[in-house]
There are 4 protein chains.
Amino acid sequence: MRRMFAQSSIVFLIVLLFGQSSARSQNASNASLTGEWELTSVEMGIPSSQRMLLTDSGGHVEGSVTGHWVVKGTVKQGELRLDFSKSGDTKIYSVYSGKVSGTGISGTYSEDGKVEGTWSAKRAPTDKPASPRTLDFKPTQFYRELSGDVAPVLHIWPGDTVRTKSVDAGGEDETSVQRVQGGNPLTGPFYVEGAMPGDALAITIKKLRINRDWAGSDSGLVDRAVTADYVSGAKREWKNVRWHLYADKQTASPENGLEHLKNFSVPIHPMLGCVAVAPNPWDGSLNTRDSSEAGGNMDFNEIAEGSTVLLGVQQPGALLFLGDAHAVQGDGELNGNALETSMDIEFSVQVVREKEIGTPRVENSEYLMAIGLSGSLDDAFRIATSELSSWLQDDYHLTRDEAAIVMGSSIEYRIAEVADRNVDVVAKIRKSRLASLSSKQ
Amino acid sequence: MRRMFAQSSIVFLIVLLFGQSSARSQNASNASLTGEWELTSVEMGIPSSQRMLLTDSGGHVEGSVTGHWVVKGTVKQGELRLDFSKSGDTKIYSVYSGKVSGTGISGTYSEDGKVEGTWSAKRAPTDKPASPRTLDFKPTQFYRELSGDVAPVLHIWPGDTVRTKSVDAGGEDETSVQRVQGGNPLTGPFYVEGAMPGDALAITIKKLRINRDWAGSDSGLVDRAVTADYVSGAKREWKNVRWHLYADKQTASPENGLEHLKNFSVPIHPMLGCVAVAPNPWDGSLNTRDSSEAGGNMDFNEIAEGSTVLLGVQQPGALLFLGDAHAVQGDGELNGNALETSMDIEFSVQVVREKEIGTPRVENSEYLMAIGLSGSLDDAFRIATSELSSWLQDDYHLTRDEAAIVMGSSIEYRIAEVADRNVDVVAKIRKSRLASLSSKQ
Amino acid sequence: MRRMFAQSSIVFLIVLLFGQSSARSQNASNASLTGEWELTSVEMGIPSSQRMLLTDSGGHVEGSVTGHWVVKGTVKQGELRLDFSKSGDTKIYSVYSGKVSGTGISGTYSEDGKVEGTWSAKRAPTDKPASPRTLDFKPTQFYRELSGDVAPVLHIWPGDTVRTKSVDAGGEDETSVQRVQGGNPLTGPFYVEGAMPGDALAITIKKLRINRDWAGSDSGLVDRAVTADYVSGAKREWKNVRWHLYADKQTASPENGLEHLKNFSVPIHPMLGCVAVAPNPWDGSLNTRDSSEAGGNMDFNEIAEGSTVLLGVQQPGALLFLGDAHAVQGDGELNGNALETSMDIEFSVQVVREKEIGTPRVENSEYLMAIGLSGSLDDAFRIATSELSSWLQDDYHLTRDEAAIVMGSSIEYRIAEVADRNVDVVAKIRKSRLASLSSKQ
Amino acid sequence: MRRMFAQSSIVFLIVLLFGQSSARSQNASNASLTGEWELTSVEMGIPSSQRMLLTDSGGHVEGSVTGHWVVKGTVKQGELRLDFSKSGDTKIYSVYSGKVSGTGISGTYSEDGKVEGTWSAKRAPTDKPASPRTLDFKPTQFYRELSGDVAPVLHIWPGDTVRTKSVDAGGEDETSVQRVQGGNPLTGPFYVEGAMPGDALAITIKKLRINRDWAGSDSGLVDRAVTADYVSGAKREWKNVRWHLYADKQTASPENGLEHLKNFSVPIHPMLGCVAVAPNPWDGSLNTRDSSEAGGNMDFNEIAEGSTVLLGVQQPGALLFLGDAHAVQGDGELNGNALETSMDIEFSVQVVREKEIGTPRVENSEYLMAIGLSGSLDDAFRIATSELSSWLQDDYHLTRDEAAIVMGSSIEYRIAEVADRNVDVVAKIRKSRLASLSSKQ
């Protein structure tokens, strides 16, 4: 099965009603509920979170919940009841009832009179530092599976900058000590205060620098890159290739004494193979060699210093992971590994509230870039193109036809990666082409 | 990165050497090591298991380990040292050293003198029941993520039969009570004694029967099944479709009062959408809506009563999960959901030792069937075809060209499923076509 | 460019106006224009044909033209003028003017007052034989390119049966004499009286029988069928494989003395690899190793005795070609060649007027089958599925959702061929599943 | 069938033997055969041509024929006999016998004593102009089907430059007069003296300039570029979009008064959508909306001024066609049409003798580029990558592994086109990356 009872999953977190007040929540229950809340509904053990904005007018409570929900209800003596409906629609989809306490609200929700699950809400954090901070974080653990079950290593605020490090894809750090099993172990997770599902997290890579003098790679071409004719008759013995990284010249050269590559060198262009948020709890965990709408192992060589990655937040705090840095990578990551190495990373984050995106996006000074991730280049291409069109329609006031016309004359594509389960096709457009259009942003 | 230091992952569990003997393991250390062992090596927290066969000739120990390893060494006063090499190759790839105790052996292993990890071994189980048993198991929990971390619900032996039940893909059981969140929650895991990585697990579905009078499905066609022309202009509102299941007639009909389908009915043909073993620990967990060489959500309508599914064992005991039954499903599972319902299941298991297969296989009285799982039909087709060719070469004494000739004249294909991340293409061949060939089996 | 000025191509054959009458057309010009005409418009040298139905009420002419055109005009003294519009739309898209003569009508047509091309019309044939005929045709020439430029070898009427022969794909006939260069040389073309673009031609294969004792094939698997892993390391030397055909047993066995296939035999199941009509003149010719909506080299093993192939007519008379018979073929035609042989063919034709189909269809006593032809299995699958849905909606009074529900429970797929430029995926449904639905046919 | 009796097609043009001398060929038959010949063998009406180099030592004739053939024989009294074999192989594959006349040689060829076809040979042209010429050619006809049957409009020599014009994809010229039916009508064919199958033709675009003030395009996205989600619910009404071309500013802007694109403009970057040689006669003709190893409608926006296109010659004289120019085109040609316009073209040609390439190549001052053409992006990607690897191995003295390492670090990809039957993926590498390697060229 693909998705069962999809409608219930859309609706499953929907109304709150205060039970009987108790003496010990007296103070809390008297406080106004006005303000921003982080609401988490739990059905059959699986949590789902949304931002809730309430206005409490002396017991009459109104507001909205991410997902275009309108909520209306009452609070009396610490008992809250909220009906969830859609704007312009009288139908009550869900009823949330709960009790207010000093630390939040909690209760059950029901559809058609039947209890569907439990919920809780807490105040959105408000203690944002007066000015952005720069924080140093030295990782001691690295993760190969991304999920909301991993305890955050650091809580940061939008605007904050973090200086940290990543080990290479095989788990070796800047001193060539293996710290963790290979397979793209990542640094993090960083909890971003205020980030909620429905928001987008913008991660700006402020610095990305090599911090050791070697990188590891391979000598073969992955299956997806070769024709049967090319492969047949040839033995395919993959060998490790060790590259020397020259910090002074910022170049890399293979060390292995390959006869015709003695003078071969390429300019170092550091990039992050993996940038991810924790996936939707409904989907379980995400392996760091895989990718999804939460990002992950995208291996796109323009996720580099100066670029900003935009990912759809799937869990409260987003839970940002990053690593799998490459000193250099050609398009496609044809050798399976790029020039895998450890890295010094400096990044900052922002939260774009209530911003729905369909697939990860990257932006730098020159380009808007939409990343299509799928099991074939043909499908990834479709996704990337459709997403870039939506981007232009949303942010540049274009009709569907106008977006098509702009793209037809100006789009560019990259095939970012073909080495993993998902391939990545990137649809790009130069910002200079869009300069004459009025952006909403 | 795709796979870093692949060679180390191939070699990472390779030699054992006894440390100093201790008084408390005296008895154990005097016992002969001859026999079959289950060896587990752990590198950076990730376990990997193999079967080890040892012959202990008064302190001289020789044997083999799954993966074509030859081991040689000595045991003195409870201290074992084993060198791992390949047949006809003097190179020592790894050295395992450890101490023998009453419950097994444990120690560390090293490559080139450097400790790579720890290991332990225990005797393969020998208390197989005198005759196959039939066991009843009533599930109380259901799993949406498959991994070796889930405690087995039942230990069974090859030859045993189990009678159990599955909930539907949405988590509802035979009394229409929702027992778990939807998304193909499965019954199990069943630990199969003696099954080890390198073996194949054969699961024979002896009975598969509906146990309630309804199934849930949908009204739309999944994206992968439709052209842009077909979709454009049409609103795509997926509706739930409830089917009535007639146990007497063994037919199913939609209940929703669809104008032109009032008399429409289809014969019930129960099948299991998911049959899986726990995946390789290196790969993390496997979501039950996904599939891999460990099986999973394959949604192939010939995984039905009377068929045997062959899966490559990835962990000790295999850890068999099953469920996601369908009362009927057309090829492709075009509606995203098939006729999802709960089921009574009776299955037996066998272990085919040291049987390497590339992708899940199914066999029934009429056909051999290889399932190609990949992100596109084109790639899944290549996998299915190549696997069936290997099958014919291995089990029917054919050369590569002979297999090609047999297939060219006799192969059949099914497109089993396109509704999930992996699509499934099945390459089939009638056993009657192979009757004149001599099978090795 | 893909298609330039698409609208003009839709509209390019649109109005007729009589010029000055001449003495020699006096009789003709006085005759009523009432009846059915075959209209051919020529723009820049490229013809396009349509059926035209006219009612001449004493000089006032009204009627319709294939493509949902409504025509209205006048005829005076042998001068005809017809305005082309759409039902419920006052816009005049084109004006056709022409002169009536004894053999037909001819003139020019214009859009917005500008002459776009010339046209001519002749009476649809009316001399249909009283009862269907059975005709024998012994081919002397064979064609490797299909186009309307090839002179028909025989004019037949709907209902007629033809008995003929085909050479094998390499050009050898039933006496093993090479008659033509290889590459699927075909028998025909047969001109079917009354068949016009917008119609569908139904070709029923009444008999298809081998007429010699051998077939030629190959020993390898085509590139599209194998993984890189399967191919790498192996030499790919394709060898011819000669099969013996046993007419008595109706089996085939390889002759080449292959060690493990000495006793291997397969039942003969004759099929036609190619059935085609001449393609749309705008598209140029169609190579007989290729396929399109006009049919061609589809290599589907259910195009066999007893089946009916439905192809969209592209030119007047359809111009039917057929051949490339196979004694047996597995799905996919994995060896590049199937068991290629000459054949005795007996077929009949019918014309389904004004029947728009999207891709070739096949029907036999058990199944409806839609053939998706494209450059990848994924796209061919989409086409086949969408076409079968349209078929069910059109012929069985189903809504889009109802068709999806029927297909989700009952569809089957075959991968007919992967050896040529287009691959073929076939979507099938058993007629027994549709028995409870009311067919329009 | 895919290819029948492939071996005969490889061998089909192989030996020549003089018949009886005749009086009228006396002079010719006495002349030495030493020199270069253009050999054409005809089997069942289909010609195949090769270069033949002979040394005539008083009646003993030796030499070579394209395809790595070694020929040996005798000529006596105007009768030639040549045995075709492979270097280091005593097998005689074919015997060519023929008579020498004043204008060449002609006769029959046989395999295993059986006559397979006829052949003729003429002296390679030797009257090359002393210095390269610049020729003006004003086209009067344009072609929508490419084949060797079209009479050349001009004979040119390697090194020559031609100045000519192309109409737009819809057939309109620089004065907006429609000259031919649309569908990429091309200018040519130009016969290049000395070009023979087995050679590569290098076409350098010296100038490519717009010559009118408008271009035509469309407003939609082609099916291959959009997801089902993107398309569903939206009406897809493709509209023509007319762009104004500003020669002074070298920019283009849509004319249609689109609300949000009033100020939108893009820099003009002229390119040729089609560059082709006549296809192999065995394959029939090539539609100008299609592409193959002979080039054709590749729609790659770097086939522009300053670039050189390399195509494998398929027929004597190559028969070069070009046209379908675009003022600007984004990657993919997403609107089906790019900015289609007429163009002034200046190009020169060179012949690279005995240069086997697998797919069209493009080179400019910055990049080597291999164009993969196939029915899916996945297959086109494989072809492009494999071809670029072969290019590096052939021209830069690299082993297969070394080429893989260079590509892994340095390759770039473009998705050139998705609007036609074949999609184009381009694998590129910067020449600066290869500067340290020694090129063979």
Side-chain angles (χ1 to χ4, degrees), chain B residues 217-221 224-227 229-230 234 239 241 252 254 258-261 263-266 328-335 338-339 376-379 381-383 385-386 389-390 396-402 404-415 418 425 433 436-438, chain C residues 217-221 224-227 229-230 234 239 241 252 254 258-261 263-266 328-335 338-339 376-379 381-383 385-386 389-390 396-402 404-415 418 425 433 436-438:
Chain B
S217 193
D218 288 298
S219 69
L221 295 178
R224 265 201 185 105
V226 288
T227 61
D229 250 15
Y230 184 84
K239 293 172 214 126
V241 176
L258 296 153
E259 184 183 355
H260 308 102
L261 300 185
N263 301 315
F264 183 66
S265 81
V266 294
V328 190
Q329 183 205 292
D331 283 356
E333 203 186 25
L334 294 188
N335 304 134
L339 274 66
S376 71
L377 289 175
D378 292 275
D379 284 342
F381 175 82
R382 285 182 171 96
I383 293 167
T385 308
S386 299
S389 179
S390 298
Y396 289 85
H397 295 292
L398 301 186
T399 66
R400 178 176 279 254
D401 273 14
E402 290 167 345
I405 291 166
V406 169
M407 291 163 70
S409 62
S410 302
I411 207 168
E412 300 174 34
Y413 290 96
R414 298 293 288 270
I415 294 174
V418 300
V425 171
R433 291 286 169 100
S436 69
L437 311 176
S438 55
Chain C
S217 192
D218 288 299
S219 69
L221 296 177
R224 264 200 185 106
V226 289
T227 61
D229 250 14
Y230 184 84
K239 294 173 213 124
V241 176
L258 296 153
E259 185 183 355
H260 308 101
L261 298 185
N263 301 316
F264 183 66
S265 80
V266 295
V328 190
Q329 184 204 292
D331 283 358
E333 202 187 27
L334 294 188
N335 305 135
L339 273 66
S376 72
L377 289 174
D378 292 275
D379 284 342
F381 175 81
R382 286 181 170 95
I383 293 168
T385 308
S386 300
S389 178
S390 298
Y396 289 85
H397 294 294
L398 301 186
T399 67
R400 178 176 281 252
D401 273 12
E402 290 167 345
I405 290 165
V406 168
M407 290 163 70
S409 64
S410 303
I411 207 168
E412 302 174 35
Y413 289 97
R414 297 295 286 272
I415 294 175
V418 300
V425 171
R433 291 285 170 99
S436 70
L437 311 175
S438 56

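A note on names: the letters A, B, ... follow the listed sequences, proteins ahead of strands, and every chain is numbered from 1.
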Contact winner vs chain C - [options], heavy-atom pairs under 4.5 Å:
options                                : result
B/Leu221, B/Asp229, B/Val425, B/Leu339 : B/Leu221
B/Ile383, B/Leu334, B/Thr399           : B/Leu334
B/Arg382, B/Met407, B/Glu412           : B/Arg382

Search all heavy atoms of [X] against all heavy atoms of [Y] and return the closest pair with its distance.
X        : Y        : value
B/Gly408 : C/Asn335 : CA-OD1, 3.1 Å
C/Leu258 : B/Ile405 : CD1-CD1, 3.5 Å
C/His260 : B/Leu437 : O-CD2, 3.3 Å
C/Phe264 : B/Arg433 : CE1-O, 3.3 Å
C/Ser409 : B/Val328 : O-CG1, 3.6 Å
C/Ser386 : B/Ala225 : OG-O, 3.8 Å

Distance in Å, [X] [atom1] paired with [Y] [atom2], rounded so as to fall on 0.5 Å steps:
X        : Y        : atom1 : atom2 : value
B/Asp378 : C/Leu377 : CG    : CG    : 4.0 Å
B/Lys239 : C/Asp401 : NZ    : CG    : 4.0 Å
C/Arg400 : B/Tyr230 : CZ    : OH    : 4.0 Å
B/Asp331 : C/Arg414 : CG    : CZ    : 10.5 Å
C/His397 : B/Glu259 : NE2   : CD    : 10.5 Å

query = In terms of heavy-atom proximity below 4.5 Å to chain C, should B/Val241 be classed as side chain, backbone, both, or neither?
reply =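 Side chain of B/Val241 only, per the 4.5 Å heavy-atom cut-off to chain C.
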task = Counting only heavy atoms closer than 4.5 Å, note whether B/Val406 contacts chain C via side chain, backbone, both or neither.
result =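 For B/Val406, backbone and side chain are both near chain C.
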Only pairs of heavy atoms separated by less than 4.5 Å count here; which of [options] has the most with chain B?
options                      : answer
C/Val418, C/Leu261, C/Asp379 : C/Leu261
C/Asn263, C/Thr385, C/Ile411 : C/Ile411
C/Ser389, C/Ser390, C/Ser265 : C/Ser389

